[in-house]
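Every chain is numbered from 1, with letters handed out A, B, ... down the list of sequences.
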2 protein chains.
Amino acid sequence: MAALDRSLISRLPLFRELTPDEQTELLRSARSSRYAKDTAIFEQETDAHSFFVLIAGHIRVVRTTPDGQQVIARYISEGEIFGVAAALGRTTYPASAVAAVDCVVLAWANALWPELARRFPAFGATTYRTVGNRLQETQTRVMEMSTEQVEQRVAHALLRLANQTGRKTDSGIEIDFPISRQDIAEMTGTTLHTVSRLLSKWEERGIIVSGRQKVTVKDPHRLVVLSENRDKG
Amino acid sequence: MAALDRSLISRLPLFRELTPDEQTELLRSARSSRYAKDTAIFEQETDAHSFFVLIAGHIRVVRTTPDGQQVIARYISEGEIFGVAAALGRTTYPASAVAAVDCVVLAWANALWPELARRFPAFGATTYRTVGNRLQETQTRVMEMSTEQVEQRVAHALLRLANQTGRKTDSGIEIDFPISRQDIAEMTGTTLHTVSRLLSKWEERGIIVSGRQKVTVKDPHRLVVLSENRDKG
DNA sequence: GGCAGAATTTGCGCTGGCGCAAACTCGGGG
DNA sequence: CCCCGAGTTTGCGCCAGCGCAAATTCTGCC
């Protein structure tokens with residue numbers, strides 16, 4: 001394996017508080033891998049052996065129900081840490097991680113976590129802050145599913161995707177990885193049919209443009225209105 | 001304030017890995033308070049000043065939407081740590097904590113967290129394990145809300161309550177704090193009307209008995225069947 | 001012991017969104 | 001360049017569960 005270059009991580013918030021030497025040291029214990037689109041980085045319920053940082057690409061975190069239905073827990077963007085079972089004392093991964101596009105990933109063996117967290121406190125702290133954010137986001141999602149209509153939830157989901165992974169184009173903010181109606185349905189607790197109908201309606205009104213596995217938000221503001229308003233359908 | 005007795009916490013899993021001396025030391029930096037039923041230990045969005053351990057009672061963790069609707073994030077039982085904003089680098093509480101019955105609570109100033117976590121690694125590790133469990137539970141709840149019918153969700157919620165806080169009586173497993181139909185609705189994303197109808201139906205069939213702010217599970221097994229089965233209404 | 005208010009039950013009508021099915025469209029591999 | 005299959009759109013019928021409303025039953029307080 002080639003030595004990993006510090007430039008891989010020096011720009012990422014997760015590592016920014018570390019000195020160059022520390023960054024180099026942290027990298028020395030990591031291994032890097034590529035994952036082709038639609039391959040799994042790890043699978044739900046399997047023994048957690050490593051934790052990861054996404055260097056390039058997008059990852060879909062998916063939980064599968066006992067009867068095989070899938071729910072998308074979240075998307076991971078570049079620079080984010082994921083699969084942090086070790087930091088939370090878990091022995092298995094509670095979900096699967098699947099490359100949404102070709103990805104580059106750094107991995108550390110779980111056994112290294114205690115030492116790394118001790119040696120680089122800022123790294124540990126950032127990780128736990130991330131966990132805290134995800135817990136809150138997940139609870140927010142429970143709230144949305146409890147109190148909002150499907151239309152509001154899908155609007156919220158698109159806005160979140162646009163913010164987190166949106167790429168500005170001349171026609172609007174494009175979600176920069178392939179995402180199907182089915183994916184959006186699995187993020188919002190509805191069916192691909194309902195998502196399709198909503199996107200069609202919004203496209204008619206010029207709020208978005210969408211194609212096969214592709215959504216571009218043209219008018220975020222009107223989407224915000226939809227996400228807040230129980231009526232105004 | 002009277003000195004806190006080590007017997008308060010020595011039986012709790014959170015502290016069991018600590019030596020008696022360590023337990024005493026940990027207690028020295030804590031303060032204990034009582035909260036009457038329906039009073040708040042902390043409020044959503046306010047500055048997080050402390051983290052807590054519940055010594056006696058039951059606590060409801062509630063999130064309120066911008067338009068005032070409430071969702072119950074979880075119930076805290078005796079011995080559990082809660083309000084751990086500090087450990088996750090948050091500056092405000094993401095939810096409110098309200099005493100479901102009269103409660104006794106230990107509190108530590110947030111500023112103490114780093115030192116305590118360093119000094120008592122087992123304490124920190126247990127806390128993070130708890131956070132990990134809650135994250136997973138919350139994601140499970142998202143899954144349930146995405147894929148299950150209301151009847152299944154309410155059955156799941158009752159089973160969870162019975163397991164976590166159930167008290168065995170001669171007539172079944174009684175949830176040992178006052179819980180209204182409205183509360184159950186806020187846990188499962190439905191309305192008190194629907195909960196009431198379900199409980200009535202289950203009572204007719206002898207699966208539960210229920211009264212005002214009270215539910216006793218008589219036949220957990222049939223409740224499990226209901227929680228798993230999309231039909232068999 | 002009685003009363004006011006809270007919690008619960010139950011009826012009824014309506015509808016958002018699901019399930020099913022069929023048609024259509026697009027993009028990539030052969 | 002054409003074909004195949006995945007992804008998407010759209011129509012249609014139905015029903016779980018919500019919203020509203022009213023009646024009923026507790027229960028804690030005075």
Side-chain angles (χ1 to χ4, degrees), chain A residues 36-38 60 67 69-71 100-102 144-155 157-158 175 177-205 208-216 226 229-233, chain B residues 36-38 60 67 69-71 100-102 144-155 157-158 175 177-205 208-216 226 229-233:
Chain A
K37 180 169 145 81
D38 292 329
R60 189 168 56 234
D67 57 309
Q69 291 183 79
Q70 296 201 329
V71 172
V101 295
D102 292 353
E144 289 181 3
M145 302 207 54
S146 297
T147 63
E148 295 180 353
Q149 311 268 99
V150 168
E151 182 167 35
Q152 297 174 277
R153 301 206 301 266
V154 175
L158 283 191
I175 295 168
F177 56 85
I179 184 167
S180 69
R181 307 291 181 266
Q182 176 68 35
D183 292 332
I184 297 174
E186 288 177 6
M187 298 179 67
T188 52
T190 180
T191 62
L192 79 165
H193 308 280
T194 299
V195 171
S196 177
R197 279 181 250 269
L198 286 172
L199 296 194
S200 298
K201 187 171 71 174
W202 293 344
E203 188 149 12
E204 274 175 30
R205 301 188 188 175
I208 65 166
V209 289
S210 74
R212 167 172 285 227
Q213 313 218 79
K214 186 153 107 42
V215 179
T216 304
L226 284 172
N229 240 307
R230 173 172 210 82
D231 322 291
K232 304 221 178 159
Chain B
K37 180 170 145 83
D38 292 329
R60 190 169 55 236
D67 57 310
Q69 291 183 79
Q70 296 202 325
V71 172
V101 295
D102 291 355
E144 290 181 3
M145 301 206 55
S146 297
T147 63
E148 295 181 353
Q149 312 267 100
V150 168
E151 182 167 35
Q152 298 174 275
R153 301 206 302 266
V154 175
L158 283 190
I175 295 168
F177 56 85
I179 185 167
S180 69
R181 307 291 181 267
Q182 176 69 35
D183 292 332
I184 297 174
E186 288 177 7
M187 297 179 67
T188 52
T190 181
T191 63
L192 80 165
H193 308 278
T194 299
V195 172
S196 178
R197 279 181 251 269
L198 286 172
L199 296 195
S200 297
K201 186 171 73 173
W202 293 345
E203 188 148 11
E204 274 176 28
R205 301 186 187 176
I208 63 166
V209 289
S210 73
R212 167 170 286 225
Q213 312 219 73
K214 186 152 108 41
V215 179
T216 305
L226 285 173
N229 239 305
R230 173 171 208 83
D231 323 291
K232 305 221 178 158

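- No hydrogens or angles considered: nothing links the side chains of Ser180(B) and Gln213(B) as a donor-acceptor pair under 3.5 Å.
- Looking at Ser200(A), its side chain does come within 3.5 Å of a backbone N or O of Ser196(A) through a donor-acceptor pair.
- When each of Ile208(A), Leu226(A), Thr190(A), Val150(A) is paired with Leu198(A), the side chain to side chain contact (heavy atoms under 4.5 Å, CB included) condition holds for Val150(A) and for no other.
- Between Gln213(B) atom CD and dC26(D) atom C1' there is a gap of 11 Å when expressed in whole angstrom units.
- Following rounding to the nearest Å, Leu199(B) (CG) and dT25(D) (C1') show an atom-to-atom distance of 16 Å.
- Close to dG17(D), at under 4.0 Å from its OP1 or OP2, lies no side-chain N or O of Thr194(B).
- Neither side chain, Gln69(A) nor Thr147(B), offers a donor N or O lying under 3.5 Å from an acceptor on the other.
- One finds no side-chain N or O of Thr191(A) lying less than 4.0 angstrom from the OP1 or OP2 phosphate oxygen of dG17(C).
- Here the P atom of nucleotide dT8(C) and the NZ atom of Lys214(B) are 12 Å apart, to the nearest Å.
- For the pair Glu151(B) CD and dC15(D) C1', the interatomic distance rounds to 14 Å; values are reported in whole Å.
- Along DNA chain C, the nucleotide nearest to Arg212(A) and the one nearest to Arg197(A) differ in position, and the one closer to the 5' end is contacted by Arg197(A).
- Counting only heavy atoms from C-beta on, Ser180(B) has its side chain closest to dT8(C) among dT8(D), dG17(D), dT8(C).
- Contacts of Ser196(A) with the nucleic acid, taken as non-hydrogen atoms under 4.0 Å apart, include base atoms.
- In this entry the distance linking CD of Gln182(A) with C1' of dA6(D) reads 12 Å, nearest Å.
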Next item on the list: Show your reasoning for whether side chain to side chain contact (heavy atoms under 4.5 Å, CB included) applies to Arg181(A) and Val215(A).
Entry: CA-CA 10 Å; Arg181(A) 307 291 181 266; Val215(A) 179; 4.3 Å; yes
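- We find that CD of Glu148(B) is positioned 20 Å from P of dG17(C), with the value rounded to whole Å.
- Mapped onto DNA chain D by nearest heavy atom, Leu192(A) and Gln149(B) fall at different nucleotides, with Leu192(A) at the one closer to the 5' end.
- In this entry the distance linking NZ of Lys201(A) with C1' of dT9(D) reads 15 Å, nearest Å.
- To the nearest angstrom, P of dT10(C) lies 10 Å from CD of Glu203(B).
- Judged by distance alone, with hydrogens and angles left aside, His193(B) brings no side-chain donor or acceptor close enough to the base of dT8(C) to form a pair under 3.5 Å.
- In this model, the phosphate group of dC18(C) is approached by a side-chain N or O of Thr190(A) to a distance below 4.0 Å at OP1 or OP2.
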